[in-house]
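Data first, discussion second: the structure below is written as structure tokens.
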Amino acid sequence: MSEVLQLLSDVPPLRDLSTAELENLIRSSDVRIASPEGVVVRKGRSWPRIGIVLAGELEVVATDDGDSRSRVSLLEPGDMFGQPPSGKQSASEVEVLAVTESVYLMIPWYTWEEMIGSRDGSSEALASVCVTLDAPDRTRGRAQARAAAGADRYGLGLSSSRPAKILVINCGSSSLKYNFYDTHDRSNDREGIVERIGIEGGRLVHRPGDGTKVIRELGRINHDVAFEAVVEVLTDSEMGVIRDLSDITGVGHRVVHGGSKYSDPVVIDDDVVSEIERLCSLAPLHNPHNLAAIRKSMALMPQVPQVAVFDTGFHQRMPAHAYMYALPYSFYEQQGIRRYGFHGISHNYLALRAASCLERDVADLRIITCHLGNGSSVSAVDRGRSVDTSMGLTPLEGLVMGTRSGDIDPGAMLHMARTNDMGFEELDSLLNRKSGVLGLSGISNDFREIEDGARQGNRLALLALHVFCHRLRKYIGAYIAVMGGLDVMVFSAGIGERSPWVRSLTCQGLSELGIELEDRVNRYGYAGGDEVIDLSSKKSRVKVLAMQTDEGRMIARETIRALDR
Ligand code: ADP
């Protein structure tokens, strides 16, 4: 029973239910067993229920009038299927069959409505994870209709029916980045950064939107003063874009760690603040700064809604087999030791933007998104859902980075602790600040310098470049296996957008896997600004794209959606 409860508590629309409520839900629903090939939902019948797979595997199959049948999706434990409650019972357009002996929970509509439907965000959570019983061509029809309605099918252009002025805050240990978006007058969009917080020489660099920069020297400042400097520049009588803070519709805050609790953005109240505070233990270098900005923002703008957008949120729908470490289970249960993944705001943006550009529905695509900057990570995005990602409990796992090692045998740490007598602090500093391409090359953490070194024949710089690309290739191969194929691959962030060398080394020899670059475009095409470059050759089965990521815009989009809800 406790395993079933654990599984259900990981299903997004049920996350906020207490154990007693989950037990009640199970009692009010039916638990069914299906033998292999047994029919769970018959085509043509209405099925006014929500199903949740508890064990085994089910498949959703589309059939036509002849004998042809094709699998639309495979459902594993924790996956939901059925018809979201709408008051109108329509006939199922697909069949759901058991692949192996399977157990599933069948929740009648009225039980769902009574226990879950009235909770905030439950219908969005259901819509985002529930596999519906519509025929795939109807889904495609909807996608085409959306495409016809405009290229901005995922709202990344921030078109909102109501005018909105959104301030986005991304507060780190020594910097505070901000973006301001006016959805009804794009000429008012602004961005900037306060740098060197907490040390001498703090300064604000503001971009008024005409290609120029305004710099204000601030001296030695803390995060509160940095926030006030942002407010000053936005309300400045000459270059400001708002009269006062009451003009702002909402503030979106990037919060690094949302733990297992937050997959979606939330409007911040006292409970959310406490929860983010509790999660500081999982992200001690980030959440406290995010929280400082939230508190300051709430104090300055008590009437303006504040929204937290979590960098771990997008990866919260990863299946358990992707996020569990093979440690004793109690470490997960008692301390939350599991893989969370990061850069989720960016991976989500890249997948949606890629689908948008290709005029495809993200729900039809298997995408690998490579965010390659100072910190790097790669994600497998299967039909809009992150099903695996390279970072783990912390941003240290996965790819080789500027100064972080990425994957390493944990036994190597034990060995070094034992034989070199290295303590926790030393190992922490070694892995996070002295490793990666900096450690390997001994030159720099800046990839441009690594490439320059390699070009000039520096053996270790070349080695660092090769180790970086080899690691990325391994992940790409693994994620193709995870998703059973690949339709689109996206390169982004400083290195991904601008390094033809990294892209070609990474993709070399992958034509068997459907990946082939057009050498000329890869070399000379530049993904700057709003542009998306298609790097793939005509023969390439997989579309390979390069583009800028835009976390600020994604946070603004999520903030608008959270407020609309
Ligand atoms: P952050 O993760 O801090 O947001 P960025 O996305 O800006 O970082 O990426 C920074 C990285 O991109 C640095 O390693 C930088 O050297 C690298 N980079 C920037 N331009 C180029 C280029 N033209 N060629 C190769 N690497 C580049």
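One-based numbering, in listed order, for ligands and for the atoms of each. From a predicted model like this one, the values you see are computed outputs, not experimental measurements.
By the ring pair (Phe, Tyr, Trp, His ring centres under 6.0 Å) test, Phe227 pairs with no residue at all, sequence neighbours left out. In this structure, Arg557 has no side chain to side chain donor-acceptor pair (under 3.5 Å) partners at least two apart in sequence or on a different chain.
At a threshold of 4.5 Å between non-hydrogen side-chain atoms, the residues Tyr181 and Arg186 count as touching. Leu352 has its side chain within reach of Leu156: a pair of non-hydrogen atoms, C-beta onward, lies under 4.5 Å apart.
Contacts classified as salt bridge (Lys or Arg N to Asp or Glu O under 4.0 Å) and involving residues 366-375 (residues at least two apart or in different chains) are given here: Arg366-Asp487.
Remark: Arg338 fails to qualify as a cation-pi partner of Tyr332 under the 6.0 Å distance and 45° angle criteria applied to the six-membered ring.
For ligand 1, the 4.0 Å heavy-atom shell contains residues Gly373, Asn374, Gly375, Asn445, Asp446, Phe447, Arg448, Glu451, Ala493, Gly494, Ile495, Arg498, Ser499.
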